[in-house]
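Let me begin by presenting the structure, written as structure tokens, before commenting on it.
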Amino acid sequence: MNRWAFWLRRLVAGAVALVALSLLIFGATELLPGDAVSAVAGPTATEEERAAVRERLGLDRDAATRYLEWAGGALRGDLGTGYLGARPVTEVVGARLPHSLLLAALALAVTVPVAVVAGLAAGMRAGGPVDHAVSAGTLLVAGLPEFVLATLLLWALAAGPGLLPQVSMVPLGGSPLDAPEILVLPVATLAVSGIAVATRLIRARTADIAATPYIEAARLRGVTGPRLALRHVLPNALGPAVQALGMVTGALVGGAVVVETVFGYPGIGRELQEAVAYRDVPLVQGIALVLCAIALAVLLLTDLLARALDPRSGGAR
Amino acid sequence: MSPAARGARVRARAPARRITRARVCAAICLLVVGIALLGPLLAWASPTEQVGAPFEGPGAGLPLGTDFLGRDLAARVLHGGRLVLGVAAGATVLATALGLVGGVLLGLMSERAAEPVMRAVDLLAVFPSLLLLLLFATGAPGSDLAVLLAVGLACAPFSIRVIRTVTRQTAAGGYVRTARARGDSAWALARYDIWPNIAGTVLADAGLRFVAAVHLAATAGFLGLGRGAPAAHWGRMIRENLPGAALNPLPVLLPAALLTAFAVAVNLLADHAAARRAGPAGPSGAPHA
């Protein structure tokens, strides 16, 4: 299979997956259509008012029609209008998503170098003191739910000593970069949990490679230390490491909801959490679809990147 | 002392220390589970009755102080774990049942027939589990059953994958092929040839799923999904009491500490079990099986 056929197949598979996920999103949120009506019309609404609301929201038609309409709109870049405040969903996503992407990018920028260095250092001498320290540390952190980690960081750095702001308020009309101190705690939370997961994966892969005959041969030739790690082990560990980081990026999607909620950071995750709390079904569906598309795109990219970085995939396959 | 003898002593000492650590971890797990399950019976006060000012420190009659509405914190901590661990246990049962049925069936199927189903399973595994939770909570607001279903479905793909792998390994064995050739039914095959060989893996897998399920169930409470106030819930308590952490940190720290201790202890136990199974020491590595 040549390279283009491979790309094309992956793209088609990704598109099929997105359609399947959109069905899951729509099905899960529309299981009980009555709830959206009572949420909008209020608990004291009469039956006529409820019927009027149902008609206005288009909920009187059958689910298949509504799904096709929603999916068709999504293809044209129109995700409908939220119940609350009647904001177009695409507008909300457009306003909030960049904030979350900034958070994720900064967290990745911290995670990647730390995880690669720690994973290599631990995996090169499996069972040594560095390995013990790194493995124990990552095991402890990987066990913490993200909201506990966020709360502990908040309590230790912001609430008590007051070193950092407790609430990540973005200046009106500005971007989060105008007040960089608000980014520290959210990024730190995402990075710490990401580092714990990624380091474990990279360490395991490095330890496997470090035990192979060709590494032993390199050692016997007198190659040691950073040169051995960077020139001989890293190229073969990169592919799996990229895939591991792809998984971490996927986890950032879920982590963003928690972290943005804890710190009150105005990103897509907090918007989603609030939409769920107010049962704003179109907003929930739209944000979920966008997040799924992003997760699939990241997965596709990391797949391609891992393939390109794999030293064995030089020729045609 | 010769180097070899010294090496032997070090090796002999290491397992003993590891086993002590494993016992401490097991004790912590049991303690947290005990508080969660038996807490409501031990609690002497109502978890929802207002007994003092908000965020009071520990004092007479209120051993841990009060929470953000002036309710007895000790009673709330004792009541708050049952829902978290209950939902997590239900979700684990669901995930393991799905994993067992799906994994064994897919493992016994031909590669070509199983492939499309595994694609769907992988897709569900990629889906962020928190997103699944939020979607189900939108469809059925305030329902603990929806949280349980979402957590179970989020955990199931991993169970299916693990159980399918061990089933395939077992099914490649000669006695399974003999049983097939003899004309045994698929049920008999699964029950008498496959199950005895995969039972250990299934149980270990259920343990790992349980930790993940506790994470998700606690996070669900923290995000306000499932049954709402005034029921006590360790995850939600952290959120509710965060604003007053400077006045009385206990309402935030205690639930966080319980959840953390449980997760870390289970992870260390799982690590210990994995090391013992994979350990090169063979017989000396598993004296306390």
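So that the names make sense, note that chain A is the first sequence line, chain B the second, and so on, each numbered from 1. Just so you know, these numbers come straight off a predicted model, no measurement behind them.
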Turns out that what part of B:Leu133 lies under 4.5 Å from chain A's heavy atoms comes down to neither
What one should report as the nearest heavy-atom pair of B:Leu259 and A:Phe147 is CD1-CZ, 4.0 Å
When the 4.5 angstrom heavy-atom criterion is applied to A:Leu272 and chain B, the contacting part is side chain
- prompt: So do the side chains of A:Val262 and B:Phe222 get within less than 4.5 Å of each other, counting heavy atoms only?
  reply: yes
Can you confirm whether B:Leu253 sits close enough to A:Thr151 that some side-chain heavy atom of one is under 4.5 Å from a side-chain heavy atom of the other? no
From the list A:Val284, A:Ile287, A:Val257, side-chain contact (heavy atoms from CB on, under 4.5 Å) partner of B:Leu134 resolves to A:Val257
Of B:Thr219, B:Thr260, B:Val252, the one forming a side-chain contact (heavy atoms from CB on, under 4.5 Å) with A:Val148 is B:Thr260
The interface call for A:Leu149 against chain B, heavy-atom contacts under 4.5 Å, is neither
To the nearest 0.5 Å, atom CG of B:Leu135 lies from atom CD1 of A:Ile25 at 6.0 Å
Okay, A:Val276 and chain B: the region with an atom under 4.5 Å from a heavy atom over there is both
Nearest heavy-atom contact between B:Leu131 and A:Ala288 is CD2-O, 4.0 Å
Output for pair (A:Leu24 CG, B:Leu132 CG), nearest 0.5 Å, gives 6.0 Å
Between B:Leu223 and A:Gln273 the two heavy atoms that sit nearest each other are O-NE2, 3.1 Å
Honestly, the part of A:Ala17 sitting under 4.5 Å from a heavy atom of chain B is both
